[in-house]
Amino acid sequence: MAGTMCQFMADIRTSLSGALRAALVAAGVDLPGDFQVGLERPARREHGDWSSNAALVVAKGAERRPRELAEELAAWLGEHQPEHVADVSVAGPGFLNFRLAPSWLHRVVLDAVACGSEGYGRQSLGRGRTVIVEFVSANPTGPVHAGHGRGAAYGDAVARLLERCGYRVQREFYINDRGSQMDLYAASLAAAQKGEPVPEEGYHGRYIADWASEMPAGADARNWGRERALADQRDVLGSMSVEFDTWSSEQALVDSGVIGDTLDALDRAGASYGSDGAVWLRSSDSGDDKDRVLVKSDGEYTYLLPDIAYHRDKLDRAGPEGLLINVWGADHHGYVARMKAAMSALGCDPDRLEVAVTQLVRLERNGAEVRISKRTGDLIELREVLDEVGADAARFTYLLQSVDTAPTFDLAKAAAQVMENPVFYVQMAHARVCAIADRARAGGVVRQPVEEVDLGVLVHERELEMMRRLSAFGEVVKAAAVERAPHRVTAWLRDFAAAVHGFYHDCYVVGDGVAPELTQARLALVTAARVGLAAGLGTLGVSAPESM
RNA sequence: GCCCACGUAGCUCAGGGGAUAGAGCACUUGCCUCCGGAGCAAGGGGCCGCAGGUUCGAAUCCUGCCGUGGGCGCCA
């Protein structure tokens, strides 16, 4: 039953676009087979609750004047009004503006209460399709740093969004536990243990000395170091509630022998060739700048070859309909073309591999830049960020902006417990809404079941605004999932929280001057607000505290 | 030099074919009998980097240029 309730927002769009389509047909317009009725929420309130540009889009093909056509459509719609529509008008060059009765917003309250925070805003576009989201995948040569934090927050939020849209999601971490970087790491640990200077090309972070001092005498620096780094990474990521379903080891992949299969497959496909004693991938045939080495002249695999085998394996695990999403840092963007080239060469649809590239984060503390530099040793570890600002603020701040931007993350501002801090502002809205419900309970208010409450008394502009914002959540979730853009949810939360604070300020729920039936209706609205805030925060992996 | 992303209010950033371009901070000014004023509201502030093009319509799409960041290893 709750499932059908949650379809309400989809229904209102369907109902409006269906009516528009019927109006167009009645007006004698021939619609293209793939015609989609444009329907959006106007930026300006006076343009109504929903608006369509259908007349503008169709006018040219129909050889009609947009404004005249719009007038005709409006007249027809006036005689055949869909449910909840109070008024249809024409504006500007030919926009059709729908003004809805408050009853459509009252349905939104029922919808939210019925769905709960886990169900509200759920979409069905995933239809059970498998998607493997690979993110963080830091080298096991040291702690995860602040830059990985962004990938962690982003990858996990994308996974959560996709889950809310009906995808079957696997979170995966790829361990690059092989190759020259691992050699250098092991050599650095071994040298530090013996009190010798670490190799110049090695790792110089302070953690090397710390970990070397923990390392038992006679331990294999490579294996011990790998486990030490992974344990550290797992621990830190876990403390911001990022958990992976699968940890895939490059070394294990190599040991299993599947690399040779991949090499053979590339050879059979004519995608590789030998030159200068090395084996090369013809990636330049598929849009890459140049060809890339798969097997070095000393017989060692490069990073690329096992990674191709790994992606082949992932595609296989995801199934024929499955999708791969990789979250890579900006320093790996040049790697996208060659991986896609390899996928094409192996006969896989390169569109099944998506790579989201996250730009670098500039880290500040009270306006002063803090450099992130893994190799030189003055790196800011993710652990430090979490200790300073907390997991909730870190996640929310990482997700404040699009991953296409290189934002500034001020640790001091993110940690501040003030309303100017968007994390605090949004969480505070949730806490306030919970406080109201507590207060009503403490005041002896007995709540009626929502379906028996007369929501028709909710007509205050603050209430309407809150319900309007709430009603957009499902569309926001869908857009955020499709665009792999969790920051859209962050932006929505800030707007919705502002509406909640406004309501809180102007609309008392319990108190002397509030009629009992209004208290009941507002308590239902408060529950709906709690659902919306908790649902939004939940898709970002941020907690919704009941008090602060 | 080539490749990718970005350039929007003083600052941090949303918006990514549609109507008069938005939010927070900062600045000016109002509002506390009562659910937490840790708040709410009003105001000032914009060649949407520049120049062309496509379109009924461009901050949004295309091309070029300028600027910023990142990448261009038989490292990972």
Review point. If you pin A:Arg432 and A:Ser297 to their nearest nucleotides in RNA chain B, which one's is more 5'?
Key: A:Arg432
Once hydrogens and angles are ignored, does a donor-acceptor distance under 3.5 Å link the base of [N] to the side chain of [X]?
X: A:Gln401; N: B:rC13; value: no
X: A:Asp331; N: B:rG71; value: no
X: A:His333; N: B:rG71; value: no
X: A:Ser51; N: B:rA19; value: yes

Under 4.0 Å from OP1 or OP2 of [N]: is there any side-chain N or O of [X] that close?
X: A:Lys296; N: B:rG73; result: no
X: A:His487; N: B:rG15; result: yes
X: A:Lys290; N: B:rG73; result: yes
X: A:Arg494; N: B:rU12; result: no
X: A:Tyr425; N: B:rC40; result: yes
X: A:Thr358; N: B:rG70; result: no
X: A:Arg44; N: B:rG22; result: yes
X: A:Tyr301; N: B:rC74; result: no
X: A:Arg362; N: B:rG70; result: no

Point to revise | Nucleotide-level pairing of RNA chain B, given in dot-bracket where Watson-Crick and G-U pairs need both distances under 3.5 Å and | marks other strands | key: (((((((..((((....[...)))).(((((.......))))).....(((((..]....))))))))))))....
**Study point:** Shortest non-hydrogen contact from A:Leu360 toward A:Pro407
**Key:** O-CD, 3.6 Å
Point to revise | B:rA19 base stacked by A:Phe95 (centroids within less than 5.5 Å, tilt under 30°) | key: yes
Check your understanding: Is the A:Tyr174 to A:Phe135 ring centre distance short of 6.0 Å?
Key ->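 Not close enough - the centres of the two rings lie 6.0 Å or further apart.
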